[in-house]
Amino acid sequence: MTDGPYEPGVESALKIRSDVPHAARIWNYWMGGKDNYEVDRVAGDAVAEVYPDIVTMARQSRQFLVRAVSFLAGELGMHQFLDIGTGLPTMQNTHEIAQRLVPESRIVYVDNDPLVLTHARALLVNTTPEGVTTYVDADLHDPDLIIADARNVLDFTKPIVVMFMGVLGYVANFGELRSIIARVMGAVPSGSYLVAWDGSNTGEAINEGGEKLAETGAIPYNLRSLEELGQYFEGLELVDPGLESITLWRADPAEVGDAKPIDAYGAVARKP
């Protein structure tokens with residue numbers, strides 16, 4: 001793994017800080033990617049030292065995304081996805097799964113990190129002629145801008161899958177967090193779905209890991225209680241099995257093996 005994972009032109013244009021831990025790059029490191037610097041690996045290792053399951057969480061979060069999108073596109077025929085806070089591209093991204101199952105799928109990725117957006121525009125390209133894959137430069141804290149820009153691509157008279165995959169923990173105020181979800185879900189029609197997961201404060205080790213992350217200078221990540229995570233889906237109809245550890249949510253029994261619950265919970269829910 002090199003210490004300079006980015007193209008020089010891109011790095012120069014973005015004025016990347018390689019001396020400050022970066023949330024998306026740390027996550028990329030935990031997932032086994034190469035788009036990270038030494039400072040990110042040091043931060044990632046500091047967390048993993050006290051909470052080794054963080055690596056499992058990072059990699060299993062992608063499997064949760066794969067299962068959720070496969071279920072929604074493959075079994076329910078959903079073909080519009082609004083993926084808010086996408087992070088750095090990796091294998092089996094939302095558009096790749098959805099367009100493989102429903103070729104005309106339209107996916108809007110949202111992020112306000114210039115590093116993420118540059119990589120997204122370079123790597124997240126249509127996998128089918130019929131589909132649409134695009135990106136919105138907007139802040140998670142500005143749902144009205146997200147909705148306004150997404151309307152340019154998605155048909156808000158038809159059901160949309162809204163995705164918050166491990167990103168709402170970066171919203172410190174829980175009231176604001178609920179307002180963000182409510183604003184976006186209020187804009188989509190009946191028959192739309194919310195897919196979300198976040199880290200939970202259900203173990204001493206993960207709580208210590210959260211403290212270590214903040215100590216490294218990275219953006220703090222706010223762990224939530226199971227009760228708070230359940231409130232993400234208030235007013236919606238939870239899809240079986242409801243709120244579940246991401247390692248177990250609709251996992252194939254033959255593939256689960258010795259998998260155990262970890263301190264990260266997610267669900268899929270339908271807007272009535």
Side-chain angles (χ1 to χ4, degrees), residues 23-24 27 57 61 64-65 67-69 71-72 76 78 80-87 94 98 106-113 116 135-151 153-202 210 219-246 249 263-272:
W27 196 253
M57 184 187 298
S61 69
F64 172 69
L65 181 151
R67 293 195 299 272
V69 174
F71 164 69
L72 290 161
L76 302 185
M78 298 294 293
Q80 298 196 106
F81 293 81
L82 179 57
D83 189 340
I84 301 174
T86 180
T94 299
R106 304 172 77 86
I107 289 82
V108 174
Y109 290 106
V110 180
D111 213 298
N112 74 321
D113 186 317
V116 168
Y135 331 92
V136 168
D137 182 357
D139 194 314
L140 171 65
H141 298 81
D142 192 353
D144 291 337
L145 176 60
I146 291 172
I147 294 163
D149 280 359
R151 287 186 188 278
V153 176
L154 304 179
D155 182 351
F156 274 67
T157 68
K158 297 178 180 178
I160 294 170
V161 177
V162 176
M163 303 171 64
F164 292 100
M165 307 300 279
V167 297
L168 291 170
Y170 294 109
V171 180
N173 184 283
F174 190 67
E176 182 187 6
L177 180 156
R178 293 193 65 188
S179 175
I180 291 169
I181 296 174
R183 181 69 188 91
V184 178
M185 293 308 296
V188 298
S190 174
S192 295
Y193 285 82
L194 171 64
V195 185
W197 77 268
D198 260 319
S200 58
N201 62 2
T202 45
I219 298 173
Y221 184 89
N222 300 274
L223 300 166
R224 310 292 184 191
S225 67
L226 292 185
E227 179 184 3
E228 288 173 323
L229 292 174
Q231 290 179 43
Y232 287 19
F233 306 95
E234 278 192 355
L236 306 176
E237 301 168 346
L238 283 168
V239 170
D240 185 66
L243 186 66
E244 177 62 276
S245 174
I246 59 172
W249 190 90
D263 302 297
Y265 285 76
V268 173
R270 181 183 183 276
K271 180 176 179 178

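From a predicted model like this one, the values you see are computed outputs, not experimental measurements.
Between Lys271 and Glu237, none of the side-chain N atoms (NZ, or NE/NH1/NH2) sits under 4.0 Å from a carboxylate O, so this pair counts as no salt bridge.
With hydrogens and angles ignored, the 3.5 Å screen pairs a side-chain donor or acceptor of Arg106 with a backbone N or O of Val153. Ser200 places no side-chain N or O within 3.5 Å of a backbone atom of Leu226 that could act as its donor or acceptor partner. Listed for the Ser190 side chain is a donor-acceptor partner under 3.5 Å among the backbone atoms of Pro272. Without hydrogens or angle criteria, Arg67 side chain to Trp249 main chain gives a donor-acceptor distance under 3.5 Å. With hydrogens and angles ignored, the 3.5 Å screen pairs a side-chain donor or acceptor of Gln80 with a backbone N or O of Asp155.
A side-chain contact (heavy atoms from CB on, under 4.5 Å) with Tyr109 holds for exactly one of Thr94, Ile84, Leu82, Val116; it is Thr94.
In this structure, Leu238 and Ala267 approach most closely via the heavy-atom pair CD2-CB, 3.7 Å.
Residues Phe164 and Val184 have side chains in contact (heavy-atom distance under 4.5 Å, counting atoms from C-beta outward). With contacts defined as side-chain heavy-atom distances shorter than 4.5 Å, the pair Leu229/Asp198 qualifies. Residues Leu168 and Leu140 form a side-chain contact, since some pair of their non-hydrogen atoms from C-beta on lies under 4.5 Å apart. Tyr193 has its side chain within reach of Leu76: a pair of non-hydrogen atoms, C-beta onward, lies under 4.5 Å apart.
Looking at Asp111 and Thr86, their side chains never bring a donor and an acceptor atom within 3.5 Å of each other.
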